[in-house]
Amino acid sequence: MPSDQPAWKKPEPCSFVIFGASGDLAHRLVIPALYNLAATGLLPDKFGVVGITRKTMSNEALRDSLMKGLREFATRPVEDETAERLLNCVTCIAADPGEPASFDRMEAQLDELEAIR
């Protein structure tokens with residue numbers, strides 16, 4: 001029997017890079033949207049989020065901040081297991097537009113993460 005719903009399939013493994021990951025847009029829109037995809041099983045099994053911030057911040061500090069934003073701005077109830085699975089994929093990399101060499105370091109770190117993924 002045909003369904004009105006399209007048959008969605010998971011995308012290929014990938015990394016999602018968020019410039020300004022500690023900012024308002026990431027907290028209000030990007031992470032809640034990724035959470036919705038995770039909650040409906042539409043993120044790849046091998047998926048990574050790379051958060052680019054201007055100032056150095058630990059992975060854990062960024063994850064904690066994003067979790068607070070998710071709890072505040074999510075459009076559906078937040079299940080801890082799904083949120084933790086999503087946020088455990090987050091890696092923080094510092095890169096400052098005022099310091100062009102920081103983008104070379106960012107590129108090297110992204111290459112390392114892709115090799116692992």
Side-chain angles (χ1 to χ4, degrees):
M1 171 191 280
S3 170
D4 292 343
Q5 296 292 326
W8 298 104
K9 69 174 195 168
K10 286 185 182 185
E12 296 294 318
C14 65
S15 293
F16 191 88
V17 179
I18 304 171
F19 286 85
S22 60
D24 193 55
L25 183 64
H27 285 77
R28 287 180 179 268
L29 296 173
V30 178
I31 294 300
L34 289 174
Y35 176 81
N36 287 341
L37 291 172
T40 55
L42 291 173
L43 286 181
D45 294 327
K46 293 186 177 185
F47 179 73
V49 176
V50 180
I52 309 297
T53 60
R54 285 186 180 201
K55 296 184 180 182
T56 301
M57 151 180 250
S58 71
N59 292 337
E60 208 50 48
L62 180 58
R63 290 173 186 156
D64 289 346
S65 175
L66 293 173
M67 179 63 94
K68 287 178 190 170
L70 181 59
R71 291 199 185 286
E72 185 174 351
F73 300 111
T75 58
R76 63 174 53 197
V78 175
E79 296 175 6
D80 288 339
E81 184 179 324
T82 302
E84 288 173 13
R85 190 172 64 245
L86 171 64
L87 295 176
N88 282 337
C89 296
V90 173
T91 301
C92 186
I93 297 176
D96 185 340
E99 185 189 338
S102 70
F103 285 90
D104 293 333
R105 290 191 303 274
M106 178 194 73
E107 180 182 22
Q109 287 178 291
L110 284 172
D111 288 344
E112 284 178 31
L113 289 172
E114 281 298 301
I116 294 168
R117 186 186 52 78

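- Of the possible polar contacts, one joining the Ser102 side chain to the Asp96 backbone as a donor-acceptor pair under 3.5 Å is found.
- Side-chain N or O atoms of Asn59 include one that pairs as donor or acceptor with a backbone N or O of Cys92 at under 3.5 Å.
- Ring pair Phe47/Phe16 is tilted by interplanar angle, where 30° to 60° counts as tilted.
- Between Pro32 and Ala26, the shortest heavy-atom contact is CD-O, 3.9 Å.
- A pairwise comparison of heavy atoms in Ile93 and Gln109 identifies CG2-OE1, 3.0 Å as the closest pair.
- Nearest heavy-atom pair, Gly51 versus Ala21, reported as atom, atom and distance to 0.1 Å: CA-CB, 3.4 Å.
- To the nearest 0.5 angstrom, Arg63 atom CZ is 8.0 Å from Leu87 atom CG.
- Ile31 contributes atom CD1, which lies 5.5 Å from atom CG of Leu86 (distance to the nearest 0.5 angstrom).
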Please output the side-chain donor-acceptor pairs of residues 65-79 that fall under 3.5 Å, not counting sequence neighbours, one pair per line with the distance.
unit_1: Ser65; atom_1: OG; unit_2: His27; atom_2: NE2; d: 2.7
unit_1: Arg71; atom_1: NH1; unit_2: Asp80; atom_2: OD1; d: 3.4
unit_1: Arg71; atom_1: NH2; unit_2: Asp80; atom_2: OD1; d: 2.4
unit_1: Thr75; atom_1: OG1; unit_2: Asn36; atom_2: ND2; d: 3.1
unit_1: Arg76; atom_1: NE; unit_2: Asn36; atom_2: OD1; d: 3.2

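- The shortest distance between side-chain heavy atoms of Arg54 and Pro97 falls below 4.5 Å.
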